[in-house]
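Accompanying notes for the structure given below.
Below, chain A is the first sequence line, B the second, and so on; all start at residue 1.
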Amino acid sequence: MYPAKFDYTRAGSIQEAIQLLQQHGDDAKLLAGGHSLLPMMKLRLARPAMLIDIGRIPDLKNIRTDGDVLVIGALATHTQVAASDDVRRLAPALADAAAKVGDQQVRNRGTVGGNLAHGDPASDLPPVMTALNAELTLVGPNGSRTLKAEDFFIDLFTTALEPDEILTEIRVPAAPHSAYAKLENPASGYAMVGAAVNLTMDGNTISDARVVIGGAVPKPTRASAAESALRSNALNDDTINNASTLAADGIGDWMGDIHASEDYRKEMAKVYTGRALRDIKVAS
Amino acid sequence: MAQAERILGSSIKRREDPRFITGHGQYTDDIQLPGMVYGVFVRSPYAHAKIKNIDTSKAIAVPGVVAVYTGKDMESDGVQPIPTGWLLPGIKLPNRYPLAFGEVNHVGEAVAIVLAEDPYTATDAAELVEVEYERLPAVVSAEQAYNSRTQVHDDIPGNIVFDWDIGDKEKTDAVFANAPKISKLHLTNNRLIPNAIEPRSAIGRYERYTDEATLWVTSQNPHIERLILSAFVLGIPEHKLRVIAPDIGGGFGSKIFIYPDEAAVLWASKKSGLPVKWTATRSESYKTDSHGRDHSTEVELALDDSGKILGLRIKTLANLGAYLTLFGPVTPTYLHGTVVSGVYDIPAIYCNVIGVCTNTICVDAYRGAGRPEATYLVERIIDHAANDLNMDPVEFRRKNFIAPDKFPFQTQVAVIYDSGDYDKALKRALEMLDYEGFQREQVEARQQGRYLGIGFSTYIEMCGLAPSEVVGALGAQAGLWESGIVRVHPSGKVTILTGSQQQGQGHETTFAQIVADGLGVPIEDIDVVHGDTGRIPYGWGTYGSRSAAVGGSAIARSVQKLQDKIKKIAAHLLEASPEDIVYEDGKAYVRGAPNSFKTFGEIALQAYLAHNIPDDLEPGLEETTFYDPSNFTFPFGTHIAIVEVHPDTGKIEVKRYVAVDDFGNVINPMIVDGQVHGGIAQGIGQALYENAVYDENGQLLSGTMMDYAVPKATYVPNYEVDRTVTPAPHNPLGVKGAGEAGTIASPPAIVNAVIDALKPLGVQQLDMPLTAEKVWKAIHQTQPAQGTNGH
Amino acid sequence: MSTTPITVTVNGKSHTAEVEPRMLLVHLLRNVLNLTGTHVGCDTSQCGACTVMMDGQAVKSCTVLAVQADGSEIMTIEGLAHDGNLHPLQEGFWEMHGLQCGFCTPGMIMTALDLLQHNPNPTEEEIRHGLEGTLCRCTGYQNIVRAVKYAADKMAQPAAATKEA
């Protein structure tokens with residue numbers, strides 16, 4: 001309940017935050033909403049010597065569109081994302097997922113950037129961002145680079161973010177035929193299985209599909225067999241059943257705990273992939 | 001003139017609420033004393049280990065740290081182990097010290113306490129206390145304890161702390177040997193963490209120059225706390241120790257027991273000369289609050305061909321954890337074995353309970369305490385037997401109910417049921433539910449491949465604890481009467497002093513209703529004082545649904561005594577005989593002459609002035625009752641759940657929940673309904689979500705609220721509740737107690753409903769909690785997986 | 001380790017304090033400002049007993065550092081009633097028996113306040129969903145749902161009256 005001691009400083013800008021990160025090295029952690037980091041610090045499972053509060057950096061809170069691309073500032077909260085008409089229109093999977101993170105109080109404080117940078121496998125946003133083929137902007141001492149979400153998540157609590165980099169922005173290409181379904185842990189509310197799907201439609205035919213499983217695996221993982229089964233097929237019950245049955249194929253590293261075994265999660269990945277697919281609305 | 005609604009029996013708003021809804025309740029952790037320091041415990045990370053050495057030097061060097069004490073410090077100060085409150089024949093009692101010094105026997109057992117100026121610093125320093133442990137093998141489950149050669153305590157062979165039975169073994173065995181049919185189940189009653197939302201907390205203050213000690217503590221029974229800490233553990237004279245239980249944020253049994261932390265905090269205050277506060281963090285609570293349930297049971301029912309029950313045989317292993325706490329021994333024995341007859345006329349019963357110790361936190365009373373375990377096994381085997389006989393579960397129950405004309409009814413397991421009409425509650429519940437309508441719906445649903453199920457629980461419970469002579473004969477080291485003083489002040493205002501201790505039950509309202517009704521005084525003129533040994537008479541506190549039946553009866557008796565005295569004074573003033581005085585609505589008059597009266601206020605003033613009262617009457621207007629009930633009370637009722645099982649995920653949806661309870665007379669229906677609601681939610685929690693899980697090393701895997709599922713608002717249905725009224729015949733209010741019924745009745749209703757839903761698949765038994773995975777596996781093991789369903 | 005100066009407005013009153021960076025907002029409220037109506041029921045951000053309004057949104061004050069609240073407007077349960085008049089939510093909890101032990105109540109009321117701000121006329125299901133972040137062990141939630149509904153209805157009344165007038 002009582003975090004260990006640390007020093008605290010506020011960064012007024014991205015550049016200042018990067019300088020502070022360079023100065024303090026591995027001992028420093030960035031603090032945004034704090035809803036991933038502070039719970040670990042309260043249990044003393046995390047004990048950074050220095051917290052750099054980036055929560056007040058201007059302009060990182062905005063959600064805007066750039067043509068058909070949704071641009072989400074890293075400090076946008078889940079509440080903002082869930083309430084955004086642009087997000088609902090352009091990326092319904094993200095709106096669904098943001099509305100299912102934690103609870104209302106958590107969504108009010110927790111940020112999209114903080115959530116992604118934490119790399120928690122039980123988190124809702126990583127599989128969604130991967131399915132949506134989102135691009136993450138990482139700013140470091142040598143300027144900025146972009147990474148596809150798929151390349152950003154490496155393993156349990158491990159991302160491609162360098163110690164002196166900041167995730168500033170997430171660009172989400174329009175994905176109007178996307179959805180997210182989740183089997184939640186009854187205690188924590190985290191995903192035991194999360195299935196994010198994103199279809200590219202040509203009329204009623206699926207021209208491309210991304211199906212990503214989260215919650216049950218160390219990092220968001222594409223269900224390639226399910227994707228293949230969707231591609232070039234009409235979006236109907238047969239296609240959905242066929243694809244969802246394949247949603248666990250080729251995925252090896254299922255996780256289990258006292259709440260749900262590996263086997264059950266594997267089976268539920270199929271069920272929830274089916275649910276997400278059935279949630280997709282295609283205007284006829 | 002319209003008859004004013006009688007205050008006794010009406011749903012008046014709670015009088016305690018204004019302080020709570022505005023943030024002005026005062027819970028233990030809200031109290032700040034000048035010069036107070038904060039205690040943080042150093043706790044064992046191991047389930048079983050010898051303590052080789054403790055080095056406190058680094059901790060004491062932290063700036064802001066005032067003191068660090070270990071178990072050795074307490075031992076050398078003469079501190080004694082915390083006793084249990086209930087002895088059984090042949091019981092083995094391991095010693096539990098406030099701070100362990102030789103051996104630790106569960107994860108979280110305290111070995112040292114650090115005092116510092118603030119809790120952050122104390123936590124920092126506690127991390128620096130270096131404890132050298134020699135690890136020992138751990139025993140975790142009851143089966144393991146019973147079967148393994150590994151011992152928790154060197155002096156308790158086989159880990160068996162008692163081997164207890166009730167009923168007639170020979171007779172029952174004979175019945176089973178000749179029974180035409182036997183139904184049999186193995187059941188586990190899952191281990192639960194009580195989860196009062198307010199964590200435990202204690203503040204000790206010892207004043208060196210007066211030797212007066214005060215302990216503010218999250219307690220359901222401050223006088224028991226005082227008795228045990230003074231006379232048994234710390235050696236503080238009882239009259240020098242004041243125990244105050246301020247507002248208590250839920251207890252559910254977990255705040256009955258006298259915990260090591262509380263003793264250590266008070267002792268540390270004495271040792272340091274400073275007031276010391278300690279408040280558990282939630283994960284600390286999970287490791288150190290006594291848990292509930294944790295039974296493993298074989299139950300058998302012998303039947304004749306017509307469906308009449310011939311006999312019941314039960315063998316239970318009860319996991320009691322590392323030590324025997326206050327009611328640890330009685331919970332799985334006398335609070336369990338005595339109600340296994342349920343609402344059924346069973347001619348032969350034998351129940352054997354073996355209590356074992358393990359390297360887990362202690363197990364003791366949690367809401368219902370023993371009776372939920374009994375009700376679960378009875379109502380499960382009843383449903384299971386009905387299924388074996390291919391009989392409707394309602395018909396089977398009715399066939400075996402104790403008939404209404406058989407009361408008082410002597411069961412085969414010692415107790416005498418005072419009153420009951422079991423079919424009345426069942427009938428009302430079936431009406432509310434529309435049983436026939438549901439049966440049609442179920443048939444249709446099954447045709448559509450949907451899994452709807454109905455579950456019954458026609459429960460009984462035993463509460464109103466308890467006749468002192470009876471419990472004394474059974475091993476209680478306590479009386480279980482209750483005290484109630486009604487003090488009328490000269491101005492006609494009233495203070496009630498009660499030994500009952502509320503943790504959310506609304507005593508400040510219901511007890512005032514009893515007095516307002518009996519004395520004809522506006523309720524605004526009445527206050528209730530509880531929870532302070534410095535203000536109230538000795539009392540035994542609140543648990544076992546005893547506050548209304550025993551504490552309320554004490555108050556009602558005092559009211560009767562006051563009425564007598566009021567009549568005597570009025571008779572004297574009105575120059576009449578007391579037998580001719582009518583006292584109603586706060587006025588006393590001579591029968592037939594209501595226009596010439598003395599008011600309650602006039603009489604109260606006269607009682608204190610004593611200028612003109614009868615010669616044989618003492619002045620003052622205050623009555624005390626120590627009420628000892630002549631029997632337990634036996635609330636009963638019918639709970640019915642309707643669930644739908646979603647076969648693709650195994651998730652269970654509780655679609656309807658109907659509860660008809662008989663608590664006898666009811667003082668405040670709104671409050672009683674609230675008790676039922678909350679009880680059902682906890683029972684649904686046990687049935688579907690909650691589980692305290694240890695790994696094989698005795699580490700608590702469900703160690704935080706991230707891993708132990710306390711039901712959220714979306715997990716529970718709307719409850720449809722009603723009551724029948726069969727007054728308790730032996731107490732002045734005719735009340736029985738309502739606090740635990742919901743928790744007792746609901747787990748089997750839910751489980752029976754799920755089993756019924758899965759009947760087409762041949763599933764006959766599942767152990768709680770019925771997690772989605774468990775149900776899904778049961779479905780898919782009996783029926784080959786068909787890929788994804790539900791489209 | 002250093003301390004950091006902060007200024008927070010709590011229930012309309014500005015407070016300045018020097019705090020250790022690690023101090024949680026809930027401890028600032030309870031231990032420094034003596035506003036003990038906000039409670040602590042867990043250590044993993046689950047129970048919601050510590051919920052307060054921060055800049056108009058419900059937050060779990062056990063998961064916010066006091067330094068993060070620097071410059072913020074906080075409202076605790078103690079600031080909800082005005083001039084001795086209970087807020088409709090407080091009234092609803094009292095009328096509908098939405099509390100028993102009272103420990104979760106301040107956090108529950110604050111959680112419900114956030115819900116009613118963005119959904120003034122919630123269905124029962126929406127109320128239950130909106131309260132997911134706050135745990136009650138006593139009531140079984142049914143009367144809490146009724147209390148929130150009571151408040152929603154009551155809060156809708158003055159607006160309707162104004163329209164009519």
Side-chain angles (χ1 to χ4, degrees), chain B residues 11 13-14 16-27 29-32 118-120 194-199 247-252 279 281-284 502-506 670-671 673-682 684 704-706 710-714 716-719 742, chain C residues 20 22-23 27 30-31 34-47 49 76-81 86-87 89-107 109 124-125 127-145:
Chain B
S11 289
K13 284 197 289 179
R14 293 206 324 170
E16 38 277 269
D17 287 2
R19 68 177 185 270
F20 294 133
I21 56 179
T22 56
H24 294 93
Q26 195 178 49
Y27 301 89
D29 189 62
D30 297 343
I31 295 166
Q32 302 281 358
D118 68 85
Y120 288 83
N195 270 295
I197 303 294
E198 178 202 26
D247 286 328
I248 306 296
F252 315 115
T279 300
T281 65
R282 177 57 55 185
S283 32
E284 189 177 14
Q502 73 173 12
Q503 320 110 46
Q505 297 92 335
M670 175 192 81
I671 286 177
D673 287 349
Q675 290 293 311
V676 173
H677 292 179
I680 295 169
Q682 287 183 14
I684 291 175
T704 71
M705 273 190 178
M706 302 267 287
V710 175
K712 302 175 187 180
T714 43
V716 289
N718 264 311
Y719 322 103
Chain C
E20 262 198 289
R22 62 174 168 168
M23 179 184 274
H27 293 138
R30 286 180 57 80
N31 301 345
N34 227 356
L35 292 165
T36 55
T38 303
H39 301 144
V40 178
C42 80
D43 47 6
T44 51
S45 319
Q46 246 74 40
C47 81
T76 70
I77 188 71
E78 289 94 340
L80 191 57
L86 294 177
H87 185 277
L89 272 166
Q90 291 171 311
E91 231 181 87
F93 273 71
W94 193 10
E95 289 289 336
M96 296 293 136
H97 190 31
L99 64 148
Q100 291 180 22
C101 81
F103 195 80
C104 78
T105 310
I109 288 177
E124 185 193 323
E125 202 187 330
I127 294 171
R128 287 181 183 270
H129 189 64
L131 300 178
E132 265 185 329
T134 307
L135 298 174
C136 170
R137 191 63 160 167
C138 292
T139 64
Y141 299 105
Q142 184 159 324
N143 287 343
I144 293 179
V145 173

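Of all the heavy atoms in Gln100(C) and Arg14(B), the pair that sits closest is O-NH2, 2.6 Å. The minimum heavy-atom distance between Tyr27(B) and Phe103(C), with the atom names listed, is OH-N, 3.2 Å. Across every non-hydrogen atom of Cys42(C) and Met705(B), the tightest pair is CB-SD, 3.7 Å. Residues Ile21(B) and Ile109(C) come closest through the heavy atom pair O-CD1, 4.0 Å. For the pair Gly23(B) and Glu78(C), the tightest heavy-atom approach, listed with the atom from each and the gap, is O-OE2, 3.8 Å. Pairing each heavy atom of Gly140(C) with each of Tyr719(B), the nearest pair is O-OH, 2.7 Å.
Applying the side-chain hydrogen bond (donor to acceptor under 3.5 Å, both in side chains) test to Arg30(C) and every residue at least two apart in sequence or in another chain returns Asp29(B), Asp30(B). Take Ser283(B) and apply the side-chain hydrogen bond (donor to acceptor under 3.5 Å, both in side chains) test, not counting sequence neighbours, and it matches Asp43(C).
Neither the backbone nor the side chain of Met96(C) comes within less than 4.5 Å of any heavy atom of chain B. For His27(C), the part lying near chain B is the side chain, with the backbone staying farther off; criterion is any non-hydrogen pair under 4.5 Å. In this structure, no portion of Ile144(C) lies under 4.5 Å from any heavy atom of chain B. Contacts of Asn31(C) with chain B are made by both backbone and side-chain atoms, with heavy-atom separations under 4.5 Å. For Glu125(C), no part lies under 4.5 angstrom from a heavy atom of chain B. Residue Pro711(B) touches chain C through both its backbone and its side chain, counting heavy-atom pairs closer than 4.5 Å. For Leu135(C), the parts lying under 4.5 angstrom from a heavy atom of chain B are both the backbone and the side chain. For a residue to count as touching a neighbouring chain, one of its non-hydrogen atoms must lie under 4.5 Å from one of that chain's; by this rule Ile197(B) touches chain C with backbone and side chain alike. At a 4.5 Å heavy-atom cutoff, Gln26(B) makes no contact with chain C through either its backbone or its side chain. Val145(C) does not touch chain B: none of its heavy atoms, backbone or side chain, sits under 4.5 Å away. For Gln32(B), the part lying near chain C is the side chain, with the backbone staying farther off; criterion is any non-hydrogen pair under 4.5 Å. Heavy atoms closer than 4.5 Å to chain C are found nowhere in Asp247(B), neither backbone nor side chain. Using a 4.5 Å cut-off between heavy atoms, Thr105(C) touches chain B through its side chain atoms alone. Within the 4.5 angstrom heavy-atom criterion, atoms from both the backbone and the side chain of Ile671(B) approach chain C.
Chain C forms the most heavy-atom pairs under 4.5 Å with one residue out of Val710(B), Thr704(B), Asp118(B), Asn195(B), and that residue is Asn195(B).
A donor-acceptor pair is defined here as one N or O able to donate and one able to accept, closer than 3.5 Å; no such pair exists between the side chain of Arg282(B) and the backbone of Val40(C). The main-chain N or O of Arg137(C) is found under 3.5 Å from a side-chain atom of Gln682(B) such that the two form a donor-acceptor pair.
Once rounded to the nearest 0.5 Å, the distance linking CE of Met670(B) with CD of Glu95(C) reads 9.5 Å. Rounded to the nearest 0.5 angstrom, Thr22(B) OG1 and Trp94(C) CH2 are separated by 10.0 Å.
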Item to check | His97(C) and Asp673(B): CA distance, side-chain angles, deciding distance, side-chain contact (heavy atoms from CB on, under 4.5 Å) verdict | outcome: CA-CA 10 Å; His97(C) 190 31; Asp673(B) 287 349; over 6 Å; no

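Within the 4.5 Å cutoff, the side chain of Val716(B) has heavy atoms near those of the Arg128(C) side chain.
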